[in-house]
Amino acid sequence: MNQAILREYYTVIKNKISQTMFDSALSSIDKLLTHFPKDEHGYYYRGVCQFAIADLKTSIKCYQAAIKINPAYAKAYFNLGVAFYVLKDYDNALINIGKALIIFSKQKELDKKKRCIDALTLIQKERDY
């Protein structure tokens, strides 16, 4: 399989996710990961789908798998933090969104950096409440 096929998988998966066809997207992700078992984006999108169907513990494992492959995967850290937040694990939420903030800052992703700061502020207030 080459990069063009990998890009095609991503296009199909993103379209299915945008149409809330999460089970179908998961099937496509399974196929992708069969051919590309070290693809961090496959695990990230699996996490997105698992989160969407309210399987938060599996989504956390998926985001962690993506981060293990690519320790600079800021979006995976952010989503991991959100999953912890939903589970009311505020400390892990703050830690992971904080890591996303650092990476987005280094990448000069100002909009994403602001999103992290807003999320951190919200979580900190809720945790202290």
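Every heavy atom of this structure was used, including side-chain atoms; hydrogens, water molecules and symmetry mates were not. Note that the numbering runs from 1 along the sequence shown for the chain.
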ask   = Is L87 linked to L80 within one hydrophobic cluster, defined over Ile, Leu, Val, Met, Phe, Trp and Tyr using a side-chain heavy-atom separation of less than 4.5 Å?
value = yes
request  = Please round to the nearest 0.5 Å and tell me the distance separating atom CG of L32 and atom OG1 of T34.
outcome  = 8.5 Å
query = Measuring from K125:NZ to L120:CG, what's the distance to the nearest 0.5 Å?
reply = 12.0 Å
message = Can you tell me how far apart CG (N15) and CE (M21) are? Round to the nearest 0.5 Å.
response = 9.5 Å
query = Side chains of Q50 and I53: does their closest heavy-atom pair fall under 4.5 Å?
reply = yes
query = Could you go step by step and tell me if H41 and F36 meet the ring-ring contact (aromatic ring centres under 6.0 Å, His included) rule?
reply = CA-CA 10 Å; H41 304 299; F36 296 95; over 10 Å; no
ask   = K31 versus S27: any side-chain heavy-atom pair under 4.5 Å?
value = yes
Side-chain donor/acceptor of Y45 to backbone N/O of L26, under 3.5 Å = no
task = For D111, check salt bridge (charged side-chain N to carboxylate O under 4.0 Å, His left out) against everything at least two apart and list the hits.
result = none
request  = Check whether any side-chain heavy atom of E40 sits under 4.5 Å from a side-chain heavy atom of Y43, and report yes or no.
outcome  = no
task = Might you point out which heavy atoms bring N92 and D89 nearest each other, and give the distance in Å?
result = ND2-OD2, 2.9 Å
key: Pairwise side-chain contact, Y77 with I67, heavy-atom cut-off 4.5 Å (strictly under)   = yes
ask   = For C49, which of D23, T20, I17 qualifies under side chain to side chain contact (heavy atoms under 4.5 Å, CB included)?
value = I17
query = Roughly how far apart are D128 CG and I123 CD1, rounded to 0.5 Å?
reply = 11.5 Å
request  = Applying side chain to side chain contact (heavy atoms under 4.5 Å, CB included), run through F78 and C116 and close with a yes or a no.
outcome  = CA-CA 7 Å; F78 185 86; C116 289; 3.7 Å; yes
ask   = So, for K38 and I69, which heavy atoms are closest and what is the spacing to 0.1 Å?
value = O-CG2, 3.2 Å
inquiry  = Measuring only between side-chain heavy atoms, which start at C-beta, is L122 closer than 4.5 Å to Y85?
reply    = yes
request  = Identify the heavy atoms of G81 and I97 that sit nearest to each other, and give their distance.
outcome  = CA-CG1, 3.8 Å
key: CD1 on I29 to NZ on K16, rounded to 0.5 Å   = 9.0 Å
query = In terms of hydrophobic clusters joined by side-chain contacts under 4.5 Å, are I102 and L94 together?
reply = no
query = Distance from K88 atom NZ to E126 atom CD, nearest 0.5 Å?
reply = 5.5 Å
key: Heavy-atom side-chain contact between F51 and V82 under 4.5 Å   = yes
remark   = Here the pair of heavy atoms bringing A74 nearest to A100 is O-CB, 3.4 Å
query = Do the side chains of R115 and F104 get nearer than 4.5 Å, heavy atoms only?
reply = no
inquiry  = If I compare all heavy atoms of Q64 with all of F84, which pair ends up nearest, and what's the gap?
reply    = NE2-CZ, 4.3 Å
inquiry  = On a heavy-atom basis, which atom in N2 and which in A4 lie closest, and how many Å separate them?
reply    = OD1-N, 3.1 Å
inquiry  = Determine whether a donor-acceptor pair (N or O, by modelled atom type, separation under 3.5 Å) exists between the side chain of Y63 and the backbone of G47.
reply    = yes
